[in-house]
Structure formats: C-alpha cells, structure tokens
Amino acid sequence: MFHYYVSMALRSLRLSKAQTALMVLVIGLGIGASMTMITVFHAMSGDPLPGRSATLYVPAIDARPLATTRNDASPPDGNLTWPDAQALLRAARADRQAAMTGGSAPVRSTRAGESPVYETGHYVTSDFFRMFGAPFSAGSGWRAQDDEQRARVVVLNSGLSRKLFDGASAVGRTVRLKNTDFRVIGVVDDWHPRPLFYAQLDSRAFGRSDEFFVPLQTAMDLGLDFSGRFSCWGNAGDGRTSDHCIWLQFWVQLDSPAKARDYRAFLADYWREQQAHGRFPRPVEPGLYDLMGWLAYQHVIPDDLRLQLSLSLGFLAVCMLNVVGLLLARFLRRASEISVRRALGARRRDIFLQLGVEASVIGLAGGVLGLVLACAGLWSVRQRPDGYAQLAHLDLSMLMGTFVLAVIASVLAGLLPAWRACRITPALQLKTQ
Amino acid sequence: MRRSPMLASLTRHKLTVLLLILQVGFTCAIVCNVASMIGHRTTQMRQPSGVAEDELVMLESISVDEHNDPLVRHTSDLAALRQITGVTAAVAVDALPFNSNNWSNGIATEPGGNAAVTATAFNGTPGERQALGLRLVAGRDFLPDEYLPIDSAHDWSGINHVAATIITRALADRLFPGQDPLGRLIYPGDGPVRIVGVVDHLLRPTLDESAGNDYSTLLPLLPDSGNVIYVLRSAPSERGRVLKQATEALTRLNSNRVLRHGQTFEQLRADYFSRDRSMIGLLLAAAGGLLLVTAAGIAGLASFWVQQRRQAIGIRRAVGATRENILHYFQLENFLIVSGGIVLGVVLAFALNLVLMEHYALRRLPWFYLPTGAVALWLLGQLAVLGPALRAAAVPPVVATRGG
C-alpha cells in the first residue's frame with residue numbers, strides 16, 4: 001500500500017509541475033539558509049581544548065572605577081592590572097596559573113642577509129604550556145626560574161620555525177626578536193586553538209594565531225611591543241605596571257570542583273582586602289568562569305552571526321508557512337477525488353497516509369535541494385573576510401541533520417493540510433458535484 | 001461591488017486565509033527590522049572621517065635597528081618621502097581613523113577631576129592637520145615650540161607635559177556645551193593642556209555604537225617608537241605611483257625595517273567596513289528572499305483558487321459580470337488578505353524589535369519603516385495576484401454550462 005501511495009504521489013506531483021517545483025524550491029531555500037547558519041554556528045561553538053577545558057578558569061576582577069557613562073558600564077573583559085596579576089601568580093593557589101598578553105615583533109634568524117618577518121605572538125608565564133597542553137614537537141617550555149631571571153628564551157610555533165630554519169631543527173638556535181637575540185628552547189606542533197581562547201576575545205578571535213611565545217617578564221624588561229586593549233583611568237600615568245591600567249589575561253587550572261570553590265573564596269578574600277585599601281570601587285564581586293562559560297560570556301561568536309542565525313530560522317518559518325498554505329490548497333482542490341475514495345471505503349487513516357506520503361516526497365526533494373544550497377551557502381561563508389570563515393564546512397553529522405530537518409519540517413508542514421483534507425465528508429462532496 | 005459575498009467566500013477558506021495572513025505578517029515584521037538594520041549600517045559606513053580620504057596613502061614602518069634615534073630617522077625618512085614627485089605633504093603619525101590603533105585617554109576638565117569622557121589621542125609630526133586635510137573651524141595650528149617627543153620608552157609620558165591640543169567640535173560640545181572651548185584647559189594626562197584649535201571632524205580609529213565616535217584630540221607629540229605610520233598626500237590619480245616610490249625610497253634609505261600595510265586611505269576604510277558590507281549583502285538577500293517566497297505563495301494560492309472557482313466565475317460572467325468585475329474581485333480579495341497580514345505584521349515588527357534590542361543591542365525601529373514596508377507588501381501582493389486574476393478574468397461565460 002505504501003508503495004502505491006508513493007507512485008500516486010509522484011503521479012500527482014507530475015500533474016502540477018510548476019506548483020511542485022515552487023514548493024520544492026521554497027523548502028530548499030529555507031533549509032539551505034538555515035542549515036548554512038546552523039553549520040557555521042555549530043563549528044564555532046566547538047571546544048577549543050577538548051578534555052581540558054573543564055578544568056580551566058578565568059578569574060575576572062573588575063578593577064575599573066565607577067561607571068560614569070553607559071558605555072563604561074560594559075561587563076568586565078577579564079583584563080587585570082600588572083599588580084593584581086603578580087599577586088595572583090605569587091599566591092599560587094591554583095594547580096597551575098599563568099598571566100599573559102599579546103605582542104608582535106619583527107623576527108629573523110641570525111643568518112646574514114635575512115630580512116625580518118613581522119609576526120604576532122604571546123608573552124606568557126611558565127605554566128602556560130603545561131596548563132593548556134601545548135603539543136611540543138621538540139624541546140619544551142621554560143621553568144618558573146626563567147621567568148624570574150628574565151631569560152631570553154623563546155618557543156616557536158612550527159610555522160615560524162619552518163619559515164626561519166627551512167625545516168631544520170630549531171631548538172638551540174638563535175632568533176632575533178626586534179633587536180634582541182633569543183634562544184629557541186621548544187617548538188609547538190602547529191598549535192592553533194580556534195578561537196584563540198586565551199587571548200583578548202574580540203571579533204577577530206577566530207582568525208588569530210600565535211607564532212612565538214616569550215616570557216612575560218623578559219618582554220616587559222626589553223620593552224617589546226604589546227598588542228591588544230590597554231585601558232587606563234585616573235591621572236597618574238599610563239604605566240604597564242601601574243594599578244590603574246588593565247591589559248593582562250589570567251588563566252588558572254583547577255582540577256576539581258572543590259578546588260574551584262576554594263579559589264572563588266580566595267578571590268573574594270583578595271577583593272575584599274584590596275577594597276579595604278581603597279581599590280575596586282565597583283560593587284561587583286570577582287567572578288570565576290570556566291573556559292566554555294567564558295567564551296559564551298564574552299560573546300566570542302559575533303553578534304552579527306547570531307543575528308544571521310535567527311534571521312535564517314525566521315526565513316525557514318516563513319518558507320514553511322508558505323508550504324503549508326500551498327499544500328492545503330492543493331489537497332482541498334482534490335476534495336472530489338478524496339470524497340470518492342472515502343465513499344469507496346478508504347478510511348481517514350488511508351487518506352491521511354496518502355497525503356502524508358505526498359508531502360514527504362516534496363520534503364525529501366526540498367531537502368536535497370537544501371543540501372545543495374547549504375553547500376553553496378557555506379562556500380560563500382568561506383569567502384568572507386572573517387577568521388571563522390575556514391571553519392564553515394559541512395560534516396557528516398550536519399549532513400544527516402539537514403535531511404532530518406528537511407523531512408521533519410515538511411512532514412510537519414504536511415500534517416495540518418492532510419488532517420484537514422481527511423476530514424472531508426464523502427456524502428456531501430458527492431452530492432454537490 | 002458589495003463586500004459581503006467576498007467576506008463570505010473568504011470565511012469558507014478560513015485556514016488557508018489565516019496561513020496567508022500569518023505569512024504576510026511574519027514577512028512584514030522581519031523585512032521592516034532587516035530594512036532598519038540595513039539603514040543603520042549604511043549610516044555608520046557613511047560617517048565622515050574628517051580627512052582628505054581620496055588623496056592619502058599610508059605605509060607602516062617597523063624598525064629593527066637599535067642604533068638609531070627614531071626621531072632622527074623619522075626626519076630623514078620624511079625628507080626622502082617629500083622628494084617624491086607629486087607628494088604635497090608627508091607626516092609621521094601613530095593613529096588614523098579606521099586603523100584600529102586606539103590610544104584613548106579619560107579627559108577631565110579640572111586637575112584630579114573625574115574623567116567625563118574618553119577621547120583618542122592622535123599624535124604626529126608638524127603639519128599633521130594640513131597633511132590629513134582636517135578642517136580647522138576655530139583657533140590656530142600648533143606652534144613649532146609646542147612639539148615634544150611622546151616618550152614611548154617611558155609609558156608615553158609626553159602626554160603629561162604637552163601644553164596644547166586641537167580637539168574635534170563634537171568633543172568641544174561635549175566638554176563645554178554652549179561655551180567657547182578656545183583657551184580652556186583639559187587634563188588627558190597629569191598636566192593641564194590648553195585647547196588652541198577646533199577641527200570639524202576626526203573619526204576615532206575604532207567605531208562603536210556610542211555617540212563618542214568623533215571624540216578626538218590632536219596633540220603636538222612626536223612619535224618616537226620603532227613603529228610609525230607615514231602618511232603621504234598627493235593627487236588622487238598619483239596615489240599608486242606615490243605608494244610604490246615611497247616603499248622604494250624607504251627601503252633604499254634603510255633596509256633594516258619591515259614595511260607593511262602600504263595602502264590608500266580608501267582601502268583602509270573599505271577593509272574596516274568589509275564585515276558590514278557582507279552583512280548588508282546578506283540582509284538584502286534575506287529580505288529579497290522573504291519577499292520573493294511570499295509573493296510566490298500569494299501567486300500560488302491565488303491560482304489554486306482561480307482553478308477551483310472556474311465554474312463560479314463562469315456563472316458570474318454568464319449573469320452579467322464584466323471581465324473587470326472579475327479582475328477587481330481577485331485584486332480586492334488580495335488587498336483584504338494582505339491588509340490583515342500588515343496589521344499583524346506591525347504588531348509583530350515591534351515585538352521582534354524589542355527582542356532584538358534586548359539581545360543584540362540594536363536600536364529602536366524608526367516608525368517610517370512600517371508604512372514603507374506596508375506599501376511594499378501591498379504592491380507585492382497586487383503584483384503577485386495580477387497573473388492569476390487576469391487568468392480568472394479570461395474565463396469565458398460558457399464554462400458555467402459545463403460540469404465541474
């Protein structure tokens with residue numbers, strides 16, 4: 001019987017080619033647009049450090065003065081002052097902790113005649129590599145005493161290492177950053193977390209990557225160039241080390257929920273103690289965010305993209321309303337045919353099934369079209385100038401998702417018209433004809 | 001034509017009519033909000049930067065030579081750049097509108113006072129205002145003896161010693177509303193800085209949604225770090241050649257540097273707004289797609305109805321209705337349905353706008369988008385129904401005599 005319904009549906013669809021094509025096109029457009037955006041969203045909401053992210057936290061202490069304008073009242077961005085970062089480092093209450101900030105420098109090997117390349121990197125403290133599980137292909141990070149001694153050591157990402165040393169081993173070699181020689185002590189293996197969660201999060205968080213890592217204290221001493229937001233207030237100078245300029249990011253590793261609870265208490269104590277000394281005028285208790293919570297809190301997925309997702313879902317809704325209306329009109333036009341079938345003994349169930357099959361065939365065709373359109377849509381997303389563009393690929397789970405969404409949507413769209421049509425009474429229709 | 005038979009006919013198709021009204025309503029709500037977003041972004045993109053946009057090229061130079069005083073190098077670089085034919089001005093600066101290099105300071109109006117606003121500090125070598133083409137609306141330019149190094153090696157402490165500033169009109173109006181700003185003192189650093197001039201516009205290096213996009217101060221501070229941006233002014237047609245020759249001249253003078261971001265100001269602006277442009281394209285596509293789908297839906301349903309009512313149309317024609325009567329019947333029917341959709345759409349548009357303002361910091365929907373959207377949908381509905389309605393009008397009266 002099911003087979004018969006399928007062939008009936010195909011025959012009926014062939015009879016009104018234009019209207020069938022219209023419905024398939026409308027479903028295809030709706031599915032294609034929403035699938036494109038759901039795929040981009042899915043790719044961007046991924047965990048940049050699977051397996052580790054649950055134990056990584058950001059302590060957010062808002063050191064800014066009281067807000068005077070609406071613009072100042074923005075939520076804390078997690079940036080700390082130098083004294084606060086030093087205090088948290090020295091207290092060492094977490095399993096691991098590191099302070100860090102972005103930077104950039106002209107880099108070259110010490111071979112003669114090489115012209116420098118301009119690269120971005122990070123200035124970090126020693127726990128950074130083990131805390132984030134940076135994969136070393138050679139050598140290792142530095143130790144805590146190297147931080148203290150302002151050691152001139154550098155860890156390279158493999159891209160820069162290849163560029164400088166043509167694939168030869170870089171560990172032990174010397175590179176020149178700006179105007180100072182550094183000894184390479186480790187090379188990390190193409191490590192590009194997406195988004196670059198540990199840096200300042202902004203609209204470019206998905207496009208950045210770091211090519212070198214240098215001890216933070218060393219970078220401060222040598223006056224290397226910093227990058228990223230550096231906000232100061234008050235009238236007491238704009239020093240990197242002053243307690244009214246926020247610019248450092250801080251991460252801690254806490255291996256159990258109990259430790260996280262203790263760390264929260266420690267932060268609250270620190271905050272109250274500093275308040276007693278006249279700092280932290282904002283009445284905001286310090287927060288402790290885990291990695292994924294932090295990404296959500298800082299809106300690492302740009303608002304524009306969330307807006308595009310909502311828009312595509314709204315578009316799908318209008319497309320589906322459209323298809324419901326067209327299917328309803330289509331089924332009701334066949335009222336006489338249905339009433340004859342009913343009079344010949346077909347149950348409501350049979351009519352419902354027959355029309356449901358017809359709706360599903362349209363939905364399936366719309367799903368195939370939607371898939372093609374989603375591929376085209378993802379291609380267009382990959383042409384965007386944004387850093388997340390290269391993440392926009394269709395994977396198997398999304399492929400299945402498209403089909404499920406298309407079939408569910410069209411079956412739902414077919415339910416109401418089929419239900420309405422199977423309520424046609426046989427006698428009345430025969431009489432009026 | 002009397003209305004009542006039409007309404008009676010519509011009530012026979014309650015569910016279908018309801019679906020159509022819903023569809024038109026959703027489309028109206030979404031399209032009005034999308035149009036408002038497009039309008040807002042276009043306004044953002046059209047903000048005047050204040051500089052002579054079509055005459056400027058820039059080149060960033062990053063020195064890796066430690067045995068060299070940056071101030072001396074900038075002077076010799078600029079001398080070489082001014083030698084290039086067609087260059088009417090060359091300056092070294094640390095920031096430009098749209099270049100994202102934003103050094104903002106809280107501006108107090110009394111010593112030790114609270115900073116009421118933050119403003120970007122633009123610093124550069126003498127002649128910066130003229131080279132950028134900023135229009136001075138009051139006061140004077142900086143005097144030669146007012147310039148001093150920015151002292152980047154010591155946390156840019158030059159800002160604590162600088163004595164004069166030129167500010168934008170927007171900042172002047174914000175700090176001293178209704179008063180003459182010339183001669184007044186402001187405190188971007190430790191010490192007092194006197195306002196000696198006011199320029200028309202100077203957009204900040206990064207823009208946001210606040211009213212402070214034009215809050216800028218020009219300071220007579222000389223860039224003295226390894227990184228500097230050289231800005232050259234020339235006739236628009238000469239820009240490509242000037243940029244190429246500038247790169248060659250700087251490399252010839254000292255190859256111990258990285259040169260990057262060599263581009264025209266127009267490219268800088270285009271890059272800054274590239275996301276907005278792609279977003280506008282996407283919003284336009286979404287609005288167009290919605291209208292198209294809705295038009296297709298209206299046309300599709302109307303042609304179903306025409307087919308369904310062929311016999312009734314034939315009877316009406318047989319008893320004396322003209323082709324125009326039939327045509328107008330379908331047009332009026334469509335008008336009624338779309339009007340219902342628009343009433344719903346206006347309510348939904350405001351509701352949607354409230355949700356968007358809550359979640360995406362969007363602004364309130366300006367009222368004029370609603371009547372515009374309504375007219376657009378009425379026209380769209382009439383256009384979509386025209387084909388089926390003409391087919392209906394073409395039904396010959398003889399159909400009435402045939403079986404259905």
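In this text, all values refer to a predicted model and were calculated from it rather than measured experimentally.
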Engineer: If you take all heavy atoms of B/Val293 and A/Asn322, which pair is closest and at what distance?
Structural biologist: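 Closest pair (atom of B/Val293, atom of A/Asn322, distance): O-ND2, 2.6 Å.
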Engineer: Return the CG to CG distance between A/Leu311 and B/Leu283, rounded to the nearest 0.5 Å.
Structural biologist: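 Result: 6.5 Å between the selected atoms.
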Engineer: Using a cut-off of under 4.5 Å for heavy-atom pairs, which of B/Arg257, B/Arg275, B/Gln307 has the most such pairs with chain A?
Structural biologist: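 Sorted descending by pairs with chain A, the first entry is B/Arg275.
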Engineer: Which atoms of B/Val17 are under 4.5 Å from chain A, going by heavy atoms: the side chain, the backbone, both sets, or neither?
Structural biologist: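 Neither part.
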Engineer: Closest heavy-atom contact between B/Leu301 and A/Leu326?
Structural biologist: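 That closest heavy-atom pairing would be N-CD2, 3.9 Å.
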Engineer: Identify which part of B/Asn256 has an atom lying under 4.5 Å from any heavy atom of chain A, answering side chain, backbone, both or neither.
Structural biologist: side chain
Engineer: Can you tell me which portion of B/Ile30 sits under 4.5 Å from chain A's heavy atoms? Options are side chain, backbone, both or neither.
Structural biologist: side chain
Engineer: Would you find a donor on one side and an acceptor on the other, under 3.5 Å apart, between the side chain of A/Asp304 and the backbone of B/Met279?
Structural biologist: no
Engineer: Would you compute the distance between atom CZ of B/Arg277 and atom CZ of A/Arg384 and round it to the nearest 0.5 angstrom?
Structural biologist: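 Here the interatomic distance stands at 13.5 Å.
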Engineer: Heavy-atom distances under 4.5 Å only: say whether B/Ser157 touches chain A with side chain, backbone, both or neither.
Structural biologist: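 For B/Ser157, there is no contact with chain A at all, as no heavy atom is under 4.5 Å.
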Engineer: Distance from A/Leu321 atom CG to B/Leu18 atom CG, nearest 0.5 Å?
Structural biologist: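 Going from the CG atom of A/Leu321 to the CG atom of B/Leu18 covers 9.5 Å.
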Engineer: What part of B/Asn227 lies closer than 4.5 angstrom to a heavy atom of chain A: side chain, backbone, both or neither?
Structural biologist: side chain
Engineer: Identify the two heavy atoms, one from A/Gly325 and one from B/Thr16, that lie closest to each other, and give their separation to 0.1 Å.
Structural biologist: O-CG2, 4.3 Å
Engineer: Answer with side chain, backbone, both or neither: which region of B/Thr294 has an atom nearer than 4.5 Å to a non-hydrogen atom of chain A?
Structural biologist: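 It is both, since atoms from each part get that close.
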Engineer: What part of A/Arg229 gets within 4.5 angstrom of chain B, counting heavy atoms only: side chain, backbone, both, or neither?
Structural biologist: neither
Engineer: Do A/Gln19 and B/Ser303 make a side-chain contact, defined as non-hydrogen atoms from C-beta onward lying under 4.5 Å apart?
Structural biologist: yes
Engineer: In terms of heavy-atom pairs under 4.5 Å with chain A, which of B/Asn102, B/Val258, B/Ile62, B/Asn101 leads?
Structural biologist: B/Ile62
Engineer: State whether the number of non-hydrogen atoms from other residues, nucleotides or ligands found under 6.0 Å of B/Phe26 atom CZ is greater than 12.
Structural biologist: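 Incorrect, the count does not exceed 12.
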Engineer: Are B/Leu15 and A/Leu416 side-chain neighbours, meaning at least one heavy-atom pair lies under 4.5 Å?
Structural biologist: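 They are in contact (side-chain heavy atoms under 4.5 Å apart), so the answer is yes.
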Engineer: Please give me the minimum heavy-atom distance between B/Gln308 and A/Leu332, naming the atom from each residue.
Structural biologist: NE2-O, 3.9 Å
Engineer: Hey, does A/Leu307 have a side-chain heavy atom less than 4.5 Å from the side chain of B/Met37?
Structural biologist: yes
Engineer: Does any heavy atom of chain A fall under 4.5 Å from the side chain of B/Leu356, the backbone, both, or neither of them?
Structural biologist: side chain
Engineer: Picking from B/Ser255, B/Ala29, B/Gly297, which has the most non-hydrogen pairs under 4.5 angstrom with chain A?
Structural biologist: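 Most pairs with chain A among the choices: B/Gly297.
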Engineer: Given heavy-atom pairs under 4.5 angstrom as the criterion, report whether the side chain, backbone, both or neither of A/Ser312 touches chain B.
Structural biologist: neither
Engineer: Let me confirm one number: the NE2-OH distance from B/His261 to A/Tyr118, rounded to the nearest 0.5 Å.
Structural biologist: 9.0 Å
Engineer: Could you tell me which of B/Gly289, B/Ser278, B/Ala299 has the largest number of non-hydrogen atom pairs under 4.5 Å with chain A?
Structural biologist: B/Gly289
Engineer: Please report the shortest heavy-atom distance between A/Pro106 and B/Ser63, naming the atom on each side.
Structural biologist: CG-O, 4.5 Å
Engineer: Count the heavy atoms belonging to other residues, nucleotides or ligands that lie under 6.0 Å from CZ of A/Arg423, then report whether that count exceeds 12.
Structural biologist: no
Engineer: Checking A/Leu25 against chain B: side chain, backbone, both or neither under 4.5 Å from a heavy atom?
Structural biologist: neither
Engineer: Which heavy atom of B/Phe304 sits nearest a heavy atom of A/Ala329, and at what distance?
Structural biologist: CD1-CB, 3.4 Å
